[in-house]
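Worksheet: one structure, shown below.
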4 protein chains.
Amino acid sequence: MRTNKPKYHQIIEAAVRVIAKNGFHGSQVSKIAKEARVADGTIYLYFKNKEDILITMFKEKMGQFIEKIVEQTSKREYADEKLLTLIEMHFGQLSKDHDLAIVTQLELRQSNYDLRLEINNVLKPYLSVIDDILKEGIEQDIFRDDIKITLVRQMIFGTLDEIVTNWVMKECKYDLLEEIPLVHQLLLGGIEKIKK
Amino acid sequence: MRTNKPKYHQIIEAAVRVIAKNGFHGSQVSKIAKEARVADGTIYLYFKNKEDILITMFKEKMGQFIEKIVEQTSKREYADEKLLTLIEMHFGQLSKDHDLAIVTQLELRQSNYDLRLEINNVLKPYLSVIDDILKEGIEQDIFRDDIKITLVRQMIFGTLDEIVTNWVMKECKYDLLEEIPLVHQLLLGGIEKIKK
Amino acid sequence: MRTNKPKYHQIIEAAVRVIAKNGFHGSQVSKIAKEARVADGTIYLYFKNKEDILITMFKEKMGQFIEKIVEQTSKREYADEKLLTLIEMHFGQLSKDHDLAIVTQLELRQSNYDLRLEINNVLKPYLSVIDDILKEGIEQDIFRDDIKITLVRQMIFGTLDEIVTNWVMKECKYDLLEEIPLVHQLLLGGIEKIKK
Amino acid sequence: MRTNKPKYHQIIEAAVRVIAKNGFHGSQVSKIAKEARVADGTIYLYFKNKEDILITMFKEKMGQFIEKIVEQTSKREYADEKLLTLIEMHFGQLSKDHDLAIVTQLELRQSNYDLRLEINNVLKPYLSVIDDILKEGIEQDIFRDDIKITLVRQMIFGTLDEIVTNWVMKECKYDLLEEIPLVHQLLLGGIEKIKK
DNA sequence: AATGAATGAGCATTCATTCAT
DNA sequence: CATGAATGAATGCTCATTCAT
């Protein structure tokens, strides 16, 4: 199995570090190989080409990212709590791994159109998670039933993404986690049923 | 004055068309020169380098974009109306100019870190417009006074941006303008004073 | 003895098939190893390097090729008959083994200068056979005694080689053997004593 | 017109010298550029890619080579004289330009299959010249009318080519021109009408 | 003897920018 | 002002060969 091969993971971890440090366009294959302490050619035993490294890296990292979010949100009963957990996990995971945050929020977006399409595919499960929470919230009579799920999901993802990007561009100098309650409140505001 | 020189504008307009058609990485200086019907060298009489073309293009286009938003929002009295107008103008202008939408939402984001910092500078006035509307809303007792302006602005901009990007990636196949009322309602939801 | 080792021959036969199918530049060592059903490293237990495989293959194949020509020509008494037999054997053997014909006429010629020198060495015995037939023909008073043997040998070899190469490049679509009498007559024309 | 551009010819002449000196595989584009005293990139203003340099070089050189042969042979009345002139010109031109001889006889043959097909196309006019001489000879009652033209042409070209290649591989140490009368006699032998 | 994962040198090509005309 | 020919730095990928097992 691919995941048992140590060099495979060495290379992926090296790619994250190299891109976080040197930026997308400053990250030559040879630099990644050096950081991973393997020969340039070794890269090509595990990856088809440079793009494949990046996509695979994104898939692996986002896979784990999303998996943990699903895991934690599923422990919650109510949709509004699930949304809170989702925000906590989203911000929490990126807070803990600045390199990953830099790579996903800034560097990987400089990739070409094809790579970006792939990235969108990887993100789809995350968007589905949000959609599911919204549907559940409507069923649970927590969210209004006249919301347009696609739109609300774009609001939620766009908001979280913009907040994290701003935080990364400010070099992660403040505590992202402090924003959680306010963000939760803001996002709920537009979709919750009016409490009497 | 720079703007009186016809070639200057020829080049900028050519850049928008070339990038929208060929993508960021497929837009060589020589291609822009050809589209603008000038020689390659002529470009460098009007712009310092390739990055300068892109930044200038973005500044000019976003300048007009923001100017029109300021113009229209200032005609409104109340902050919630101003927010509606802002959304209308944001979506409306990009709806009318698909090339511009492609360039700002997809292609220009592939630029490097330095260019992205510049782009953020250009966007600052827009973000200020949003901030001002929010402050006004609080003063007018329309928005809650416990909102964190920075955060709300990130929500508003992140939401609008994400929605437009999704629309462009779906090849502008549906009508962006139809979303306006729902988006307005969603965004207001989190910030409005509770109506009794 | 080297030739008793089965893998040694497996590799050589695999090389002929792989080169005939994929061309000289499409024939990587790993491809030959795969076709021979051995590991890449195993190749190097039997051959010094890639060039050694090719030279050895050429030596083995040309050795058999020449051996059969010597065997058959020696059964003939007169030099003009020997020449006919030589042409028959030259065309006959390549007619029967298209892969070998492709490899010797087209692919192996793409090798570098050093390899080509080696190939010439391998060919020397064949050229000697031609020289011997010519000398014999002069002694037997069949060929004119003013011919320059080196030159005539170059004519004979050059002609046969060019004819076979043309046949291979036409994808062996016609019957090479039909040409034999005419070729024999042509070559004899320049060297035979005038019959009164 | 392309041929008025000096760099175009500089590059072609440089390519001949570089390949003659360093061999086909030792001739990097940068080496050719250096020899031609132009920048690497300039090569690509005049040639599509490396292969294009080689094909164009061969076309230009063989074009002149063949043109001169046609020019001189057409001055002769009888086919046997034409054949003599053809041999004189073939050997004469390569005798005068050792670099060209090395390139055409040794180095260019190391090229890949596609390039070799192109080379064959360039050679076609030369083969036609030989065919025409043969047809003329038959009409003039100088050559036998039962010869198979394709075959005789292959003999003539194969013989001349083999002789020149041998001469080049012996590092052009002897005088190729001395062979002309004997070669002429040899080739005529197989095709001439028997003189009573 | 046999394996096959790992190595790392080597090279064609693009394109932003310059500068002589 | 305008031109466009010329420049040259910069990099992803292949594949013959090795060597620890």
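Throughout, a chain's letter reflects where its sequence line sits, starting with A, and its residues are numbered from 1. Any value given below was found using the heavy atoms of this structure, including those in side chains, with hydrogens, waters and symmetry copies removed.
The side-chain hydrogen bond (donor to acceptor under 3.5 Å, both in side chains) search around C/Tyr126 returns C/His90, not counting sequence neighbours. Residues passing the side-chain contact (heavy atoms from CB on, under 4.5 Å) test with C/Leu45 are C/Thr42, sequence neighbours excluded. Applying the side-chain contact (heavy atoms from CB on, under 4.5 Å) rule to C/Lys59 yields the partners C/Ile55, C/Glu118, C/Val122; only residues at least two apart in sequence or on another chain are considered. D/Asp40 is linked by a side-chain contact (heavy atoms from CB on, under 4.5 Å) to D/Ser30, D/Ala33, counting only residues two or more places apart in sequence or in another chain. The side-chain contact (heavy atoms from CB on, under 4.5 Å) test applied to C/Lys34 returns no partner, not counting sequence neighbours. Scanning for salt bridge (charged side-chain N to carboxylate O under 4.0 Å, His left out) contacts around C/Arg116 gives an empty result, with sequence neighbours left out.
One can place CG of B/Asn22 at 15 Å from C1' of E/dC15, the figure rounded to the nearest angstrom. The distance from atom CZ of B/Phe47 to atom P of F/dC1 is 13 Å, rounded to the nearest whole Å. Taking atom OH of residue C/Tyr8 and atom P of nucleotide E/dA2, one finds them 15 Å apart after rounding to whole Å. We find that CG of C/Leu54 is positioned 10 Å from P of F/dT17, with the value rounded to whole Å.
C/Gln10 and C/Glu13 form no side-chain donor-acceptor contact under 3.5 Å, judged by distance and modelled atom types alone.
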Inset, instruction - Sugar-phosphate atoms are those with a prime plus P, OP1 and OP2; base atoms are the rest. Using that split, label each nucleotide of nucleotides 5-13 of chain F B, S or - for protein heavy atoms under 4.0 Å, 5' to 3'. - result: -BBB--SSB

Legend entry - Intra- and interstrand pairs of DNA chain E - dot-bracket, Watson-Crick/G-U under 3.5 Å, | marks other strand: .||||||||||||||||||||

Anything under 3.5 Å between a donor and an acceptor, one on a side chain of residues 15-22 of chain D, the other on a protein residue two or more places apart or in another chain? List them.
{"unit_1": "D/Arg17", "atom_1": "NE", "unit_2": "D/Glu35", "atom_2": "OE2", "d": "2.6"}
{"unit_1": "D/Arg17", "atom_1": "NH2", "unit_2": "D/Glu35", "atom_2": "OE2", "d": "3.1"}
{"unit_1": "D/Asn22", "atom_1": "ND2", "unit_2": "D/Val18", "atom_2": "O", "d": "2.9"}

